[in-house]
Amino acid sequence: MLGKHDLGSGRESARTDRTVQVWDPLVRLIHWGVVLMVVINAAIVAKDSPLHLWAGYTMLVLVGVRLLWGIIGSRPARFSAFPPNPFRALGYLKEMRRGDKTVHLSHNPLGALMVYNIWATLLVIAATGFMMGTARFFGVDWVAQTHDLAYDWLLISITAHVLGVVFDTWRSGVPLVQAMIHGRKRIPNDRPVE
């Protein structure tokens with residue numbers, strides 16, 4: 001049963017799953033680039049290291065390009081494919097509790113909220129990190145505290161994001177991590193698509 005989108009012809013597995021190209025190379029490059037920059041700054045380099053600053057600037061550029069790509073990019077990458085809607089996310093939770101296993105070609109409504117949350121958090125981290133390097137805000141407590149709180153919130157959000165990906169992969173049967181590696185979602189043939 002197909003939903004709103006025509007899936008076209010994809011390679012089929014023994015289970016006759018459908019394969020759909022979803023994430024374009026730029027989306028995947030930005031996703032894994034941001035992951036790398038966060039890992040570098042969270043686990044590898046010291047806060048006062050020049051590499052910490054460069055990883056932060058690189059992450060900011062990656063997020064900026066992704067936000068631009070959300071306007072002009074491929075259809076699944078556009079904001080219109082996954083608008084932030086708390087009411088839709090609540091409805092999605094109710095649908096999941098009823099056993100609905102609809103697959104979303106882009107982000108599901110909960111995933112959409114998480115993506116916007118992570119982008120906003122990264123922007124706060126980048127802005128406050130930049131501010132701490134200026135003469136005007138160097139040593140200002142609220143800037144450093146906001147930076148640290150945003151970083152802590154990012155770690156909580158990343159944990160929730162990873163758990164959500166694991167849960168949704170189990171629930172929907174769609175290997176989401178693989179899709180973010182090669183760009184294609186393998187959708188079980190018995191799943192409706194939205």
Side-chain angles (χ1 to χ4, degrees), residues 22-89 104 106-168 176-183:
V22 178
W23 303 121
D24 61 67
L26 185 60
V27 167
R28 298 187 327 260
L29 175 69
I30 290 170
H31 178 274
W32 295 113
V34 168
V35 169
L36 179 62
M37 295 307 108
V38 169
V39 168
I40 286 171
N41 273 348
I44 297 175
V45 301
K47 284 185 177 182
D48 58 352
S49 165
L51 186 55
H52 181 85
L53 295 174
W54 284 108
Y57 292 142
T58 302
M59 182 272 306
L60 179 60
V61 168
L62 289 169
V63 172
V65 171
R66 180 59 183 96
L67 294 177
L68 177 63
W69 199 241
I71 299 168
I72 65 172
S74 61
R75 185 174 173 178
R78 291 184 191 164
F79 301 136
S80 60
F82 57 101
N85 186 330
F87 298 109
R88 193 161 178 232
H104 292 80
S106 188
H107 297 289
N108 67 49
L110 285 175
L113 290 180
M114 181 56 72
V115 167
Y116 288 103
N117 163 59
I118 288 174
W119 288 336
T121 304
L122 290 170
L123 291 174
V124 169
I125 290 169
T128 54
F130 175 79
M131 290 168 68
M132 287 189 298
T134 65
R136 180 172 182 185
F137 292 102
F138 182 79
V140 175
D141 284 341
W142 73 264
V143 177
Q145 289 172 354
T146 302
H147 188 77
D148 290 343
L149 284 172
Y151 171 74
D152 292 342
W153 180 250
L154 179 65
L155 294 182
I156 292 167
S157 298
I158 289 170
T159 302
H161 173 59
V162 169
L163 291 174
V165 166
V166 169
F167 175 76
D168 201 56
L176 298 176
V177 174
Q178 291 176 5
M180 192 51 77
I181 292 170
H182 52 61

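The two residues Val143 and Met132 make their nearest non-hydrogen contact at CG1-CG, 3.5 Å. For Thr121 against Ala150, the heavy-atom pair with the smallest separation is CG2-O, 3.2 Å. Nearest heavy atom pair, residue Leu113 against residue Asn85, reads CD2-N, 3.8 Å. Annotation for Gly33 and Leu62: closest pair C-CD1, 3.5 Å, computed over non-hydrogen atoms. Contact detail for Arg28 and Ala179: the closest heavy-atom pair is CD-O, 3.9 Å. Minimum heavy-atom separation, Pro76 to Ser106: O-OG, 2.8 Å.
Between atom CG of residue Leu149 and atom CG of residue Leu154 there is a gap of 12.5 Å, rounded to the nearest 0.5 Å. Note that CE of Met59 and CG of Leu122 are 5.0 Å apart. Values are rounded to the nearest 0.5 Å. Thr58 OG1 to Ile40 CD1: the interatomic distance, rounded to the nearest 0.5 Å, is 8.0 Å. Note that CG of Leu67 and CG of Leu123 are 6.0 Å apart. Values are rounded to the nearest 0.5 Å. Residue Asn41 holds its CG atom at 8.5 Å from CE of Met37, rounded to the nearest 0.5 Å. One distance of note links NE2 of His104 with CG of Leu110; it measures 9.5 Å at 0.5 Å rounding.
Between Phe137 and Phe130, a ring centre-to-centre spacing not shorter than 6.0 Å is recorded.
Pairs engaging residues 124-138 under the side-chain hydrogen bond (donor to acceptor under 3.5 Å, both in side chains) rule: Thr128-His147 [sequence neighbours left out]. Judged as a ring-ring contact (aromatic ring centres under 6.0 Å, His included), the pairs with a partner in residues 23-74 (not counting sequence neighbours) are, in order, Trp23-His107, Trp54-Tyr57.
Ring pair Tyr116/Phe79 is tilted by interplanar angle, where 30° to 60° counts as tilted.
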